[in-house]
Amino acid sequence: FYQNKHRPELVAGALDEILEELQLEYLDLLLMHWPYAMRPEVDTITFVSTDIENVPIMDTWRAMEDLVGTGKVRSIGVSNFNQAILEKMIPQCRIVPAVNQVEIHPYNQQTELVKFCKKSGIAVTAYCPLGGTKINVMNDDFIKHVAEAHIGTPAQVALSWALARGIAAIPKSTNATRLKENLHQVSLTSDEMRMIGKINKHERKVDPAREYKELEWVFHEDKMACPLI
């Protein structure tokens, strides 16, 4: 659910809205989409910095924990949470997040965050696993070289690299041929995995700090203090 539903009293209603839209009785997994909150009346796509409000993350999370007992959701998790936030959050949780969904691809590998999540029992899901606009993972020379060696595609290499790291990947495509291709996994060698590990550039497709300095802490925890937990 989105940032304008973070107030604890709005969380249950947000779930009900999702169930109604999907015409389902329950969800397998409900995620808090971002670690920052916005005023309820705000459009989460076109907003300004003054629309951001201080709702402690744990207030929202405790409301999510309460939903698990209702039968309307089986697991709860987070998205776009950095290690600094999780380190402060986990000791306060009755239910530890089942999943942390973050941007991961060969140009943004997030090695330390992945290690921390695994150690904490949190599954990692990679969104934008193929990179994206201006993140030219698919045109990387080494990725293309590995794809040719396996008679595959650069996308198959990137997805297989994520799966080999124990990360679930959720690529997006409207092309039927590519959708089918993405289901095929190639077996990368240890040397190929090691070399792909060296092309990390810490490049992100999604980073709210580009437009809102107030949100710099979301992906750059070393630059600004972590918000209210």
Residue pairs fulfilling salt bridge (charged side-chain N to carboxylate O under 4.0 Å, His left out) with at least one residue in residues 183-202, sequence neighbours excluded: D191-R194
Could you verify whether a donor N or O on one side chain and an acceptor N or O on the other, from Y127 and N80, lie under 3.5 Å apart? yes
Determine whether the side chains of Y107 and D140 contain a donor N or O and an acceptor N or O closer than 3.5 Å. yes
Working to the nearest 0.5 Å, report the span between [atom1] of [X] and [atom2] of [Y].
X: M195; Y: S190; atom1: CE; atom2: OG; result: 12.0 Å
X: E103; Y: F219; atom1: CD; atom2: CZ; result: 7.0 Å
X: Q83; Y: N100; atom1: CD; atom2: CG; result: 10.5 Å

Just by modelled atom types, is the [Y] backbone N or O under 3.5 Å from a matching donor or acceptor in the [X] side chain?
X: T70; Y: K72; result: yes
X: N82; Y: W217; result: yes
X: T60; Y: H6; result: yes

State plainly whether one hydrophobic cluster holds both L10 and F1, where clusters connect Ile, Leu, Val, Met, Phe, Trp and Tyr through side-chain heavy atoms under 4.5 angstrom apart. no
Can you get from L179 to L183 by hopping between Ile, Leu, Val, Met, Phe, Trp and Tyr side chains that sit under 4.5 Å apart? no
Among V99, L67, V68, find the residue that satisfies the side chain to side chain contact (heavy atoms under 4.5 Å, CB included) test when tested with L30. L67
Output yes when K5 and E17 qualify as a salt bridge under the 4.0 Å nitrogen-oxygen rule, no when they do not. yes
Do the charged groups of E181 and R178 touch, with an N to O distance under 4.0 Å? no
Listed partners of Y26 passing ring pair (Phe, Tyr, Trp, His ring centres under 6.0 Å), at least two apart: none
Which residues pass the ring pair (Phe, Tyr, Trp, His ring centres under 6.0 Å) test with H33, sequence neighbours left out? Y2
Decide salt bridge (charged side-chain N to carboxylate O under 4.0 Å, His left out) for R7 and E53; before the verdict, give the C-alpha distance in whole Å, the side-chain angles of both, and the deciding distance to 0.1 Å. CA-CA 10 Å; R7 292 182 185 179; E53 69 173 5; 2.9 Å; yes
Aromatic plane relationship, F47 with Y212 - under 30° parallel, 30 to 60° tilted, over 60° perpendicular: parallel
Can you check whether V78 reaches L31 side chain to side chain, under 4.5 Å on heavy atoms? no
Minimum heavy-atom separation for [X] to [Y], with atom names?
X: P154; Y: A147; value: N-CB, 3.6 Å
X: C128; Y: K205; value: SG-CD, 3.8 Å
X: S79; Y: P35; value: O-CD, 4.0 Å

